[in-house]
Peer 1: 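To start, I am sharing the structure in question, which I have written as structure tokens.
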Amino acid sequence: MSGTHEEGVMSTADRLIYMANQIARNLAAEGQERATDMVADHIRSFWDPAMRRNIIRLAGERPEALSPIAAAAVGRIAAS
């Protein structure tokens, strides 16, 4: 896995990507549009400003790392 410091230990970047994708995966049954809204709301409500800035930066640097729902949610946060 890229970005790891030690075997089995996720970097902060990998952890943020994992968490965004996990939230998106858990909400996917709501449908693309509603899940995107819910993921964006969750990140806005529960992630601190530094985490939000980092996931926006990572979405630009590693767009392939985020699921479509997570990427759309991060895009909404970046646009707001």
Peer 1: Could you report the tightest heavy-atom contact between A59 and L66, atom names first, then the distance?
Peer 2: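 Closest approach of A59 to L66, heavy atoms only: CB-CD1, 3.7 Å.
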Peer 1: Can you check whether M10's main-chain N or O pairs, donor with acceptor, with D14's side chain at less than 3.5 Å?
Peer 2: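 No; zero donor-acceptor contacts below 3.5 Å.
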Peer 1: If I take atom CD1 from residue I55 and atom CZ from residue R53, how far apart are they, to the nearest 0.5 angstrom?
Peer 2: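 Answer rounded to 0.5 Å: 13.5 Å.
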Peer 1: If I take atom CE from residue M19 and atom NE2 from residue H42, how far apart are they, to the nearest 0.5 angstrom?
Peer 2: 7.5 Å
Peer 1: Without swapping roles, check the side chain of R52 against the backbone of R44 for a donor-acceptor pair under 3.5 Å.
Peer 2: yes
Peer 1: When you look at CZ of R57, are more than 12 heavy atoms from neighbouring residues, nucleotides or ligands closer to it than 6.0 Å?
Peer 2: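 It does: R57 CZ has more than 12 such atoms within range.
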Peer 1: Walk me through whether Q32 and T36 qualify under side chain to side chain contact (heavy atoms under 4.5 Å, CB included).
Peer 2: CA-CA 6 Å; Q32 177 89 20; T36 297; 4.1 Å; yes
Peer 1: Got R34 and D37 here, is their nearest side-chain heavy-atom distance under 4.5 Å?
Peer 2: no
Peer 1: Return the minimal non-hydrogen interatomic distance between A70 and A20, and the atom names on each side.
Peer 2: CB-O, 3.8 Å
Peer 1: Below 4.0 angstrom, N of the basic side chain to O of the carboxylate: do D41 and R76 qualify?
Peer 2: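 So D41 does not pair with R76 through a salt bridge.
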Peer 1: So, for S67 and N21, which heavy atoms are closest and what is the spacing to 0.1 Å?
Peer 2: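 Distance-wise, the nearest heavy atoms are N-OD1, 2.7 Å.
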Peer 1: Heavy atoms only: give me the nearest W47-L16 pair and the separation to one decimal.
Peer 2: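 In terms of heavy atoms, the two residues are closest at CH2-O, 3.6 Å.
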Peer 1: Minimum heavy-atom separation for V39 to A73, with atom names?
Peer 2: CG1-CB, 3.5 Å
Peer 1: Testing the basics here: between A24 and I69, what is the closest heavy-atom pair and its distance to 0.1 Å?
Peer 2: CB-CG2, 3.7 Å
Peer 1: What verdict does the side chain to side chain contact (heavy atoms under 4.5 Å, CB included) test give for L58 and I17, after you've listed the backbone C-alpha separation in whole Å, the side-chain angles of each residue and the deciding distance to 0.1 Å?
Peer 2: CA-CA 8 Å; L58 289 165; I17 289 167; 4.2 Å; yes
Peer 1: When rounded to the nearest 0.5 angstrom, what is the spacing between CD in E30 and CE in M38?
Peer 2: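 Rounded to the nearest 0.5 Å, the CD-CE separation comes to 4.5 Å.
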